[in-house]
Amino acid sequence: MTALHHTTSFIELSQEALAANLAFIRSRLTTGATFYSVVKGNAYGHGIKEFVTMAKSCGVGHFAVFSADEAWHVAQVDGPRPEIMIMGMIDEAQMTWAIEEGHSFFVFNRERLKQAFDLGKRIGKPARIHLEVETGMNRTGLDDAALQEALQLLNTHPEALQWEGICTHLAGAESIGNYVRIKKQHIQFQKTVKFAKANCQQQPASIHEACSAAMMRYPKTHWDLVRIGILQYGFFPNRETFIEYITQSEEPIADPLRRIISWKSRVMDTKMVPAGEFVGYGSSYLANAPIKVAQIPVGYGHGYSRNLSNQGRVLIRGHRVNVIGMVNMNMIQVDVSEIPEIFVGDEVVLIGRQGDQEISVSSFSEYSDQINYELLTRLPQAIERRIIT
Ligand SMILES: *Cc1c(COP(=O)(O)O)cnc(C)c1O
């Protein structure tokens with residue numbers, strides 16, 4: 001039995017859509033800036049192995065991840081050796097691996113600075129470090145004193161530490177409400193970069209500040225490297241950045257991005273429910289008339305949020321039909337009374353297109369009160385991913 005790995009639903013990934021998104025990103029980039037594809041969170045739920053495979057075949061050679069285990073997955077993918085940058089968690093054993101393999105990582109406190117220095121020295125190969133500096137997000141980042149310490153070590157021990165980059169992260173570039181805070185961060189970052197460069201014999205290979213929202217809104221944050229996540233998957237960071245983009249000229253502008261992901265399943269069963277009966281657990285849905293119900297083998301245990309109870313929509317045979325009753329752990333029920341003929345095994349689209357209908361991730365995330373990022377990254381790793389052209 002080899003089919004045991006088939007899951008009750010599957011995710012399709014469109015290579016063509018990715019190519020279009022990458023072309024758009026490249027068209028917006030300041031000349032010379034290197035594009036790092038951010039693939040943390042299982043490539044925003046798309047599947048890290050499949051997504052990196054697709055990106056590599058589009059010519060992407062630079063990837064950024066949150067943790068060292070994600071870096072390991074990127075490194076396993078066939079093809080030319082990519083540059084890998086670890087922006088978050090890395091423990092000692094992993095750091096040893098990263099230094100030996102030549103992957104770069106963020107240094108944002110004294111402990112990590114010391115660890116990188118000690119290991120670089122011991123291994124006899126310099127750790128490639130990005131100094132992440134505090135500019136006002138107040139999450140991770142070196143303060144002035146720790147930065148000076150880092151610069152001193154870079155000065156005196158180039159055999160243990162190689163200055164790969166200096167960087168910061170902006171605290172919400174997608175919302176105009178954060179404009180003043182973001183501007184202040186940018187000004188602070190400019191000052192810090194100037195100071196750091198003036199106080200070190202080594203110079204950073206790159207300076208970086210921008211995520212997707214900053215790339216779209218604040219071209220001065222491109223420097224020579226950008227870290228792009230959500231845009232490459234075909235989503236604007238939020239509605240505000242989308243509207244700002246499409247309303248920038250008098251002429252109507254179409255959405256330049258294409259969704260890569262579709263999520264599909266199949267009808268597992270159907271049944272008639274007489275008028276006056278409740279459907280599923282409890283009493284949240286009453287059949288006011290005789291209805292036909294289909295059971296779909298996808299539930300909150302598969303990432304289909306319980307908030308979609310009596311709210312969600314799916315596509316079957318080109319019809320947009322409603323989820324009725326509660327989302328169960330492994331199942332939803334939909335009212336298919338309007339579909340003349342329906343069979344067990346019929347395709348069900350949870351996210352994506354069927355005929356001329358579409359269930360968008362954003363409508364889905366509005367119904368379920370999640371942001372795109374959250375909905376996508378909650379799609380379980382176990383769901384099978386299939387790459388299509
Ligand atoms: C996630 C992340 C990004 C990418 O953010 P998007 O909004 O998806 O483009 C960039 N930089 C850092 C430090 C991140 O953690």
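Here the structure is a predicted model, which is why all the values come from computation and not from measurement. Order of appearance sets the numbers: ligands from 1, and atoms from 1 within every ligand.
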**Report entry** Reported CE-to-CD distance for the pair Met54 and Gln15, which is rounded to 0.5 angstrom
**Finding:** 4.5 Å
Query - Trp97 and His103 aromatic ring geometry - parallel, tilted or perpendicular at 30°/60° bounds - result: tilted
Query raised in the report: Would you say the side-chain atoms of Arg227 pair up with the backbone N or O of Leu225, donor to acceptor, closer than 3.5 Å?
Result: no
Close N/O pairs between ligand 1 and protein, under 3.5 Å:
residue: ligand 1; atom: 7 (O); partner: Tyr373; partner atom: OH; Å: 2.8
residue: ligand 1; atom: 8 (O); partner: Tyr44; partner atom: OH; Å: 2.6
residue: ligand 1; atom: 8 (O); partner: Ile230; partner atom: N; Å: 2.8
residue: ligand 1; atom: 9 (O); partner: Ser212; partner atom: N; Å: 2.8
residue: ligand 1; atom: 9 (O); partner: Ser212; partner atom: OG; Å: 2.5
residue: ligand 1; atom: 9 (O); partner: Gly229; partner atom: N; Å: 2.9
residue: ligand 1; atom: 11 (N); partner: Arg227; partner atom: NE; Å: 2.8
residue: ligand 1; atom: 11 (N); partner: Arg227; partner atom: NH2; Å: 3.4
residue: ligand 1; atom: 15 (O); partner: Lys40; partner atom: NZ; Å: 2.6

Query raised in the report: Parallel, tilted or perpendicular: which describes the rings of His130 and Phe106, with under 30° parallel and over 60° perpendicular?
Result: tilted
Query raised in the report: Atom NE2 in His62, atom OH in Tyr36: separation rounded to 0.5 Å?
Result: 4.5 Å
Requested in this report: Would you give the length of the straight line joining atom CG of Asn42 to atom CZ of Phe51, rounded to the nearest 0.5 angstrom?
Outcome: 11.5 Å
